[in-house]
Amino acid sequence: SRRRRDENLKEAPATPPYNLSEYFKQFLFPQNECELHSFRLSFSQLKWDKWIIAPHRYSPQYCKGDCPRVVGHRYGSPVHTMVQNIIYEKLDSSVPKPSCVPAEYSPLSVLTIEPDGSIVYKEYEDMIATKCTCR
Amino acid sequence: PHSRDRVVSDKLSGLLVAPEDATSELNPLLRLPKAVRRGYALLPPLLKVLSDQGHQNWESEAPRLQPDSRALRYMKRLYKMSATKEGIPKANRSHLYNTVRLFTPCSECKHSHRDLMKGDLHSVDLLFNLDRVTALEHLLKSVLLYSFDTSIPTSSSFTCTCHLSVKEHDFSSQVCPSVSHTVAFSLHFEVRKRKWVEIDVTSFLQPLIATNRRNIHMAVNFTCLMGDPQHNTKQDNSINMALVPPSLLLYLNDTSEQAYHRWNSLRRRRKNPVRPRRRNSPFADIADDKGRENPQGKRA
């Protein structure tokens, strides 16, 4: 990899020196790989704010990106993920490649008005994605 | 078994949905197996609307009863104490409950002097309808919540007596049941800025709620004297509390899958701490591939 990097250096486009670290990064970290993306909504957009008192905003986040061919342990993926990749590439391409999905969540507290006018505070499990994986 | 293979399980609502191609036109409720439909009806509204989005127009639903503004203010304060700005339950809160329900009385019934207990001029019957409490929500604590009105001077001290009795349903009178068992106690406290008084009635209500009683009739008389009774005996200092009916607060532990179980997630986090992906170290990937202790990796 050092020789390839040297060659690349020779062919490097005339980028101004100050973003060299960005330049290196594109070789070390492939772009568009599976990653957590932030997404924020407000319940008023869904017209639910009449009965959802809090929170006003909710950030569920989401996972998006390519799963590398050899997933390895970077995503904590089980061995099955690599097997599925091999099935897709060598045996049956109708079997989908591993997908970029949430691996861990955090809970969300919600304050709502019930139909009978009572008020309920409840903590819900798994409402905010915090980590992504390929599987 | 083939159809079962193709069943789609929807983690978010915990529902099993029948094969998609055969049922998509049916009314969503018809599509669910009977037992699940019963559970579905008791799903918290948030999960119901998440499951139903696009199948049911929530706008056309019957208008909701608006809660009492004081009750709403109290619950907003509880929310701020329990969750961060992003709505995540605060980690430093060590409370066991993951659900708190506040009910305001749905009907009042004043007793005539004839059958009041002697000296009990302000007794009011209150009916709380607890239908929204599900079978998986287990009672941890129940509190009667009194709010003082703003005209009372702050940091005044009070001595209050409270007569509390639970009524069995008297079928001869449709609304006003007869007395069954009663408890009386007195409190001495000082009203701070917040002007709320919580009276713990857990031991009193526990047997009722544990036997799935959902209509709780209570006669409550709450009379307060301002200041300390030893020093002044003037009656004109009494504050007529019974006019402001209390709300009923239930602290519950919801054991359903959708509810957040604080202790489980702490245990899970302790079992496998997650090492964040280090972007700033150029060798992160290599270290990851070699360094991470993954039993499967080692065995492979």
**Report entry** Contacts of type ring pair (Phe, Tyr, Trp, His ring centres under 6.0 Å), residue B:H138, not counting sequence neighbours
**Finding:** none
With a 4.5 Å cut-off on side-chain heavy atoms, are [Y] and [X] touching?
X	Y	result
B:E257	A:E125	no
A:E114	B:R101	yes
B:R262	A:P107	no

Query raised in the report: Should we count NE2 of A:H37 as having more than 12 external heavy atoms under 6.0 Å?
Result: yes
Query raised in the report: Is the shortest distance from a Lys or Arg side-chain nitrogen in A:K122 or B:E137 to a carboxylate oxygen in the other one below 4.0 Å?
Result: yes
Report task. Can you measure from OH (B:Y260) to CG (A:L108) and round to the nearest 0.5 angstrom? Result -> 11.5 Å
Query raised in the report: Can you tell me how far the CE atom of B:M75 sits from the OG atom of A:S118, to the nearest 0.5 Å?
Result: 9.0 Å
Query raised in the report: Tell me, side chain or backbone of B:K76 under 4.5 Å from chain A's heavy atoms, or both, or neither?
Result: both
Query raised in the report: At a heavy-atom separation under 4.5 Å, does B:L250 approach chain A through its side chain, its backbone, both, or neither?
Result: neither
Report task. Tell me, please, which residues at least two apart from A:T130 pass side chain to side chain contact (heavy atoms under 4.5 Å, CB included). Result -> A:E104, A:S106
Query - Most chain A-contacting option - heavy-atom pairs closer than 4.5 Å, from B:L252, B:N98, B:D68, B:T84 - result: B:N98
Report task. Flag the one option from B:I88, B:L248, B:N129 with the top tally of heavy-atom pairs under 4.5 Å to chain A. Result -> B:I88
Report task. For the pair A:V120 and B:T99, evaluate side-chain contact (heavy atoms from CB on, under 4.5 Å) and give the outcome as yes or no after the intermediate values. Result -> CA-CA 7 Å; A:V120 59; B:T99 301; 3.9 Å; yes
Query raised in the report: Of A:L111, A:I119, A:I53, A:V110, which meets side chain to side chain contact (heavy atoms under 4.5 Å, CB included) against B:Y79?
Result: A:L111
